[in-house]
Chemist: 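Please see the structure below; I have some questions.
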Amino acid sequence: MRDTDDFSPPDDEPFRLSSSRLVLQTLLEAGNLDRVVAEARRFLEQDPEDSTAHFYLVLALTDLKRRREAQMHLDHLLAAEPEAARTHLAAVCLYASAEHWSKVQHHVNEGLRIDPDHGFFHRFAAIASLKKLDLAAARRHIARARQLDPDDADTANLYIRIHGATETTAADAVKRLDDYRAALRLDPHNAALHNSIGDLHLNELADPLEAERAYREALRIEPDNPIYQQDLFQAVAARSITYRLFSIPSRTFAWLHLVTATIARQPWRIIFLVIGAKAVAAFLIWLLLATLIFWPGGKAYEWLLVSEIRRGSAASDTELRLWFWLRRWPRWVRFGLFLGFNMGLWGACFALLGLPIAAGYLIVAVFSAVHLLFVSIAWAIRRGRANSALQRRERRRTPPPLPVRQ
């Protein structure tokens, strides 16, 4: 919440309110959210109209995921200070945490009307534009945000992500990696930047080991972040070519979710599905077969062989006990269970379909081999391109040898 530093009380506000801001801002920056809540309520006992206390309560309660309580204090601010920029800053924080993007857009617009040169509102205007798939507006707003607040690591992170959205080559990815590392110098403890570096290593440079290191650093800083926990899980799992094969359906469904969201926001794109109806039908048939053959095995692999649990701190006690119990078994035993689960499941499907067992296993073997070949080649190509780009970067950095004196 570094952006709140710019919202000092007016000069004619009572000193008591200024002192409340000093205390609450210090506690907020220290991350002591429970103390923020306790101290803000103490200030409210002295003066129920203390808008500064209401403001910091919205921020702290939002971070504590107590949104219903935060909403009550935001309602007070909206009634008492509708023309104060900090009121709309608090509203943006609250509604963004709940992903109410239409409300975020409204309060971003109000904030920009009141204070058009505040980087916070431009940054969230960029995020809201991305939600509407308006990349041009997102770039415009994030460029302005970075111009206004060049030392803000969150703004730098979003700037690099947005401007890299259409850059697809390995050389572009390596350049963004350098940009992220430069942004880390602004705030070495920014978890989002470490997570972005992990995303780059995993999704574009095909380097799950480096991605894992970056994700672990992000989780060290924010240990309860479920997104970072899932990203770490994916990085650990992606080191196995077996998982890369069996996770094809899961990754395809994630891609379909993005496609569906895009079409929901831009319905005119459905015309491409109509034009390619036969290709879409073939794709859906393939996805059905891949799901039947790989998806259950992929879930079994996650539980039996991946050394991280997907849900992390959100897992129930029962899930954690089961996961740790399975980890007591030797890896070869768990891999045998994984194979046995798949063989048994496939055999049951063959029996239900009336397909001879031998013929059924042959079909699955051929289907799996073709997909394994494709996954291996695609991964090797990505790794090769990434290594080539990294080597070119190192050659550019290395000064030429000094001339030899004759």
Side-chain angles (χ1 to χ4, degrees), residues 1-7 9 17 20-115 118 120-121 123-125 127-128 130-132 154 191-192 219 221-230 261 264 311-317 319:
M1 298 296 181
R2 287 181 297 276
D3 303 86
T4 61
D5 289 338
D6 294 337
F7 292 93
L17 296 188
S20 71
R21 176 186 179 275
L22 180 62
V23 170
L24 297 174
Q25 180 68 32
T26 301
L27 291 171
L28 187 68
E29 290 177 348
N32 198 337
L33 300 178
D34 291 326
R35 280 290 306 281
V36 173
V37 173
E39 290 299 314
R41 285 178 172 161
R42 183 174 65 82
F43 284 117
L44 286 179
E45 288 176 1
Q46 300 171 14
D47 180 5
E49 300 301 316
D50 185 345
S51 294
T52 299
H54 286 288
F55 171 69
Y56 283 98
L57 275 169
V58 175
L59 302 186
L61 291 169
T62 295
D63 284 351
L64 290 169
K65 297 180 173 57
R66 292 157 60 180
R67 299 189 186 100
R68 184 170 296 180
E69 295 176 64
Q71 183 68 58
M72 293 188 296
H73 297 284
L74 177 60
D75 291 341
H76 173 89
L77 287 173
L78 289 170
E81 296 185 345
E83 290 299 310
R86 70 176 183 179
T87 296
H88 300 285
L89 185 150
V92 168
C93 291
L94 175 58
Y95 292 131
S97 73
E99 299 191 2
H100 293 164
W101 293 107
S102 61
K103 293 183 177 180
V104 169
Q105 183 69 72
H106 169 74
H107 289 286
V108 162
N109 292 341
E110 288 297 296
L112 288 174
R113 177 183 62 81
I114 296 166
D115 187 358
H118 199 282
F120 175 91
F121 294 117
R123 173 154 58 90
F124 273 89
I127 296 172
L130 285 179
K131 296 295 180 181
K132 296 186 293 185
D154 290 323
L219 273 173
I221 299 167
E222 293 186 19
D224 294 329
N225 190 303
I227 296 175
Y228 301 166
Q229 289 168 346
Q230 291 210 28
R311 283 162 48 79
S313 61
S316 67
D317 291 341
E319 288 176 295

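Since this is a predicted model, take the numbers as computed values, not measurements. Only heavy atoms go into these numbers, but all of them, side chains included; no hydrogens, no water, no symmetry mates. Just so you know, residue 1 is the first one in the sequence shown, and it goes up from there.
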Chemist: If you look at every heavy atom in S20 and F43, which pair is closest and at what distance?
Modeler: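 Looks like CA-CZ, 3.5 Å.
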
Chemist: Which heavy atom in V104 sits nearest to a heavy atom in A96, and how many Å separate them?
Modeler: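 Looking at all heavy atoms of both residues, the closest pair is CG2-N, 3.4 Å.
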
Chemist: Would you say the side chain of F121 lies within less than 4.5 Å of the side chain of I114, judging by non-hydrogen atoms?
Modeler: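 Contact flag for I114/F121 side chains = no.
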
Chemist: Once you round to the nearest 0.5 Å, how far does SG of C93 lie from CG of D63?
Modeler: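 Output value for this atom pair is 7.5 Å.
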
Chemist: To the nearest 0.5 Å, what is the distance between CG on L219 and OH on Y228?
Modeler: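 If we round to the nearest 0.5 Å, L219:CG and Y228:OH are 8.5 Å apart.
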
Chemist: Report the distance from atom CZ of F124 to atom NE2 of H107, rounding to the nearest 0.5 Å.
Modeler: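 F124 CZ to H107 NE2: 13.0 Å, rounded to 0.5 Å.
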
Chemist: Are the side chains of F120 and V92 in contact, using a 4.5 Å heavy-atom criterion?
Modeler: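 V92 vs F120: side chains touch.
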
Chemist: What pair of heavy atoms forms the shortest contact from V58 to A70, and how long is it?
Modeler: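 Distance-wise, the nearest heavy atoms are CG2-O, 3.7 Å.
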
Chemist: What are the two closest heavy atoms between A191 and E222, and how far apart are they?
Modeler: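 The pair with the smallest heavy-atom distance is CB-OE2, 3.6 Å.
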
Chemist: How about Q25 and E29: do any of their side-chain heavy atoms sit closer than 4.5 Å?
Modeler: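 Contact flag for Q25/E29 side chains = yes.
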
Chemist: Any chance you could measure T62, atom OG1, to Q71, atom CD, to the nearest 0.5 Å?
Modeler: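 It is 9.0 Å, given to the nearest 0.5 Å.
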
Chemist: Going by heavy atoms in the side chains, are L24 and L57 under 4.5 Å from each other?
Modeler: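 Contact flag for L24/L57 side chains = no.
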
Chemist: Between A84 and H88, which heavy-atom pair has the shortest distance, and what is it?
Modeler: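 The pair with the smallest heavy-atom distance is O-CD2, 3.4 Å.
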
Chemist: How far does CE of M72 sit from CG of L77, to the nearest 0.5 angstrom?
Modeler: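 The CE atom of M72 sits 12.5 Å away from the CG atom of L77.
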
Chemist: Please examine the side chains of V37 and L33, heavy atoms only from C-beta on, and report whether any two atoms are closer than 4.5 Å.
Modeler: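 No, too far: nothing below the 4.5 Å cut-off.
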
Chemist: Any heavy-atom pair between the side chains of Y56 and H73 that's under 4.5 Å?
Modeler: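 Sidechains of Y56 and H73: no contact.
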
Chemist: Would you give the length of the straight line joining atom CG of N32 to atom CG of L27, rounded to the nearest 0.5 angstrom?
Modeler: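 These two atoms lie 5.5 Å from each other.
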
Chemist: Do T52 and R86 meet the criterion of a side-chain donor-acceptor pair at a distance under 3.5 Å?
Modeler: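 Judged by distance alone, the side chains do pair up.
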
Chemist: Determine whether T87 and P82 make a side-chain contact, defined as any pair of heavy atoms from C-beta on separated by less than 4.5 Å.
Modeler: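 Heavy-atom side-chain distance check fails, nothing below 4.5 Å.
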
Chemist: Contact between E49 and H76 at the side-chain level, heavy atoms closer than 4.5 Å - yes or no?
Modeler: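 Yes, at least one pair of side-chain atoms sits under 4.5 Å.
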
Chemist: Only one of H106, R67, Q105, K103 forms a side chain to side chain contact (heavy atoms under 4.5 Å, CB included) with Y95, so which one is it?
Modeler: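 Running side chain to side chain contact (heavy atoms under 4.5 Å, CB included) over H106, R67, Q105, K103 with Y95 returns exactly one hit, K103.
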
Chemist: Test E39 against R42 for salt bridge (charged side-chain N to carboxylate O under 4.0 Å, His left out), laying out the working first.
Modeler: CA-CA 5 Å; E39 290 299 314; R42 183 174 65 82; 2.6 Å; yes

Chemist: Taking everything shown except L64 itself, do over 12 heavy atoms lie less than 6.0 Å from its CG?
Modeler: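 Yes - once you tally the heavy atoms of other residues, nucleotides and ligands closer than 6.0 Å, there are more than 12.
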
Chemist: Of all heavy-atom pairs between P223 and Q229, which one has the smallest distance, and what is that distance?
Modeler: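 Nearest pair, atom of P223 first, then Q229: O-NE2, 3.0 Å.
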
